[in-house]
Each structure stands twice: as structure tokens, then as C-alpha cells.
Amino acid sequence: MSTGAAVLLVLAGRRRVALALDHLVEIVDPGTPIAVPARLPALRGLTCIRGKLVPLVHLGALLDGRACPEAVGDVGVVIAVGNRRICLEVEAVEEVLREPALPVPPGVEPLPWALGVTRGPDGLIPVLDLPALGGRLADGGS
């Protein structure tokens with residue numbers, strides 16, 4: 001499993017997930033997105049981050065396989081996957097944990113795109129495989 005020892009806990013939809021800090025660029029207000037045609041229902045559109053347009057994806061909707069909620073949130077986590085940046089819209093940024101990711105224990109239903117779990121304040125939290133998510137987004141969600 002290739003993730004650093006530190007992760008950022010975020011609230012994505014109704015679930016808490018962890019994002020490896022080695023992919024984190026910054027936390028921003030995503031602003032008002034520009035709507036674009038998309039096959040992926042979780043793609044809200046494009047947003048301008050530091051003068052560049054990047055995809056704005058509602059992380060909770062992506063993980064649940066549904067469309068974005070109507071209201072745009074005010075918290076975005078910009079990640080770098082390869083040479084590409086993506087802004088993940090989340091409900092809240094909670095805290096940084098300095099715990100290494102562990103394999104998903106037997107009998108625990110893994111979340112899609114989880115590469116492992118970390119111990120959080122209320123139990124195990126999935127650590128998302130951000131390169132896999134980025135690859136899915138690059139493929140248009142197919």
C-alpha cells in the first residue's frame with residue numbers, strides 16, 4: 001500500500017473519508033462553477049483555482065454514484081494526481097491524522113476506491129486511492 005503516514009479527514013456527503021496528504025495542494029472556496037456537459041453526474045463543472053480551470057467534483061456524490069446536491073458547498077480540496085489538478089467539493093475538512101494506512105480488515109465492506117483504512121476518532125476510516133479516482137475522472141467516469 002503506497003500512502004504517506006499523514007491523511008486529511010474530510011466529510012464527503014454523509015461519510016468521513018481520508019485523503020493522503022502527499023496529493024493535497026490546498027484547501028479553497030471553490031466559488032461558482034462553470035457548468036460543462038459531462039457523463040459523470042458528480043462533476044459539478046469547472047472552477048477557477050489560481051487562474052486555471054480545474055474540474056470540480058462533489059466527492060460524496062462521486063462515492064455514492066449519484067448527482068451533485070443542488071447547492072454548491074464552500075469547501076474544496078485541491079489534489080494533484082500526476083500532472084492534473086482536481087478540486088474535490090466536500091462538506092467539511094476536519095483534521096490531519098498522522099496514522100499510516102492499514103489494509104482493509106477481513107469482513108469490513110471496503111468503500112470503492114479505498115486503498116486502506118486509518119484509525120480515526122470514531123473508528124476505521126477509508127483512505128481513498130486518489131490516483132484511481134483521478135484516473136476515473138480523466139476517463140469521463142466510464
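The chain is numbered in sequence order, starting from 1.
Between the CG atom of Leu130 and the CG atom of Leu24 there is a distance of 9.5 Å, given to the nearest 0.5 Å. Between atom CG of residue Asp129 and atom CH2 of residue Trp113 there is a gap of 10.5 Å, rounded to the nearest 0.5 Å. Arg84 CZ to Ile79 CD1: the interatomic distance, rounded to the nearest 0.5 Å, is 9.5 Å.
With a 4.5 Å cut-off on side-chain heavy atoms, Leu53 and Ile34 count as touching. Considering only heavy atoms from C-beta on, Val96 stays 4.5 Å or farther from Leu9 through its side chain. For the pair Val90/Leu19, no side-chain contact is recorded, criterion being any heavy-atom separation below 4.5 Å from C-beta on. Contact annotation: the side chain of Val75 never approaches that of Asp29 to less than 4.5 Å [non-hydrogen atoms, C-beta and beyond]. Counting only heavy atoms from C-beta outward, the side chains of Leu46 and Val54 never approach each other to under 4.5 Å. Side-chain contact between Leu133 and Leu128: present, with at least one pair of heavy atoms (C-beta onward) separated by less than 4.5 Å. With contacts defined as side-chain heavy-atom distances shorter than 4.5 Å, the pair Arg50/Val78 does not qualify. Counting heavy atoms from C-beta outward, Val57 and Cys87 have side chains that stay 4.5 Å or more apart.
Among all heavy-atom pairs drawn from Leu56 and Pro33, the shortest one is CD2-CB, 3.9 Å. Scanning all heavy atoms of the two residues, the minimum distance from Leu43 to Pro55 falls at CD1-CB, 3.9 Å. For the pair Glu89 and Gly73, the tightest heavy-atom approach, listed with the atom from each and the gap, is OE2-N, 2.7 Å. Scanning both residues, Cys68 and Ala42, for their nearest heavy atoms gives SG-O, 3.1 Å. In terms of heavy atoms, Leu63 sits closest to Ala12 at CD1-CB, 4.4 Å. Taking each heavy atom of Ala71 and Arg44 in turn, the nearest pair found is O-NH2, 3.3 Å.
One hydrophobic cluster, built from ILVMFWY side chains closer than 4.5 Å, cannot hold both Val28 and Leu21; they sit in different ones. Following chains of ILVMFWY side-chain contacts shorter than 4.5 Å, one cannot reach Val72 starting from Ile27, and the two form parts of different hydrophobic clusters. Residues Val81 and Val77 share a single hydrophobic cluster, defined by chaining ILVMFWY side chains whose heavy atoms lie under 4.5 Å apart.
Looking at Glu91 and Arg14, no side-chain N of the basic residue comes within less than 4.0 Å of a carboxylate O on the acidic one, giving no salt bridge.
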Which donor-acceptor pairs under 3.5 Å do the side chains of residues 114-123 make with protein atoms, sequence neighbours left out?
residue: Asp122; atom: OD2; partner: Arg16; partner atom: NH1; Å: 3.1

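Every side-chain contact (heavy atoms from CB on, under 4.5 Å) that Pro41 has, sequence neighbours left out, goes to Ala67.
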Inset, instruction - May I have the step-by-step check of side chain to side chain contact (heavy atoms under 4.5 Å, CB included) for Glu26 and Ile49, ending in yes or no? - result: CA-CA 10 Å; Glu26 64 184 319; Ile49 305 290; 3.6 Å; yes

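In summary, of the residues considered (Leu11, Ile86, Val17), a side chain to side chain contact (heavy atoms under 4.5 Å, CB included) with Leu59 occurs for Val17 alone.
Pairs passing the side-chain hydrogen bond (donor to acceptor under 3.5 Å, both in side chains) check and including a residue from residues 60-70, sequence neighbours excluded, read Arg15-Asp64, Asp64-Arg66.
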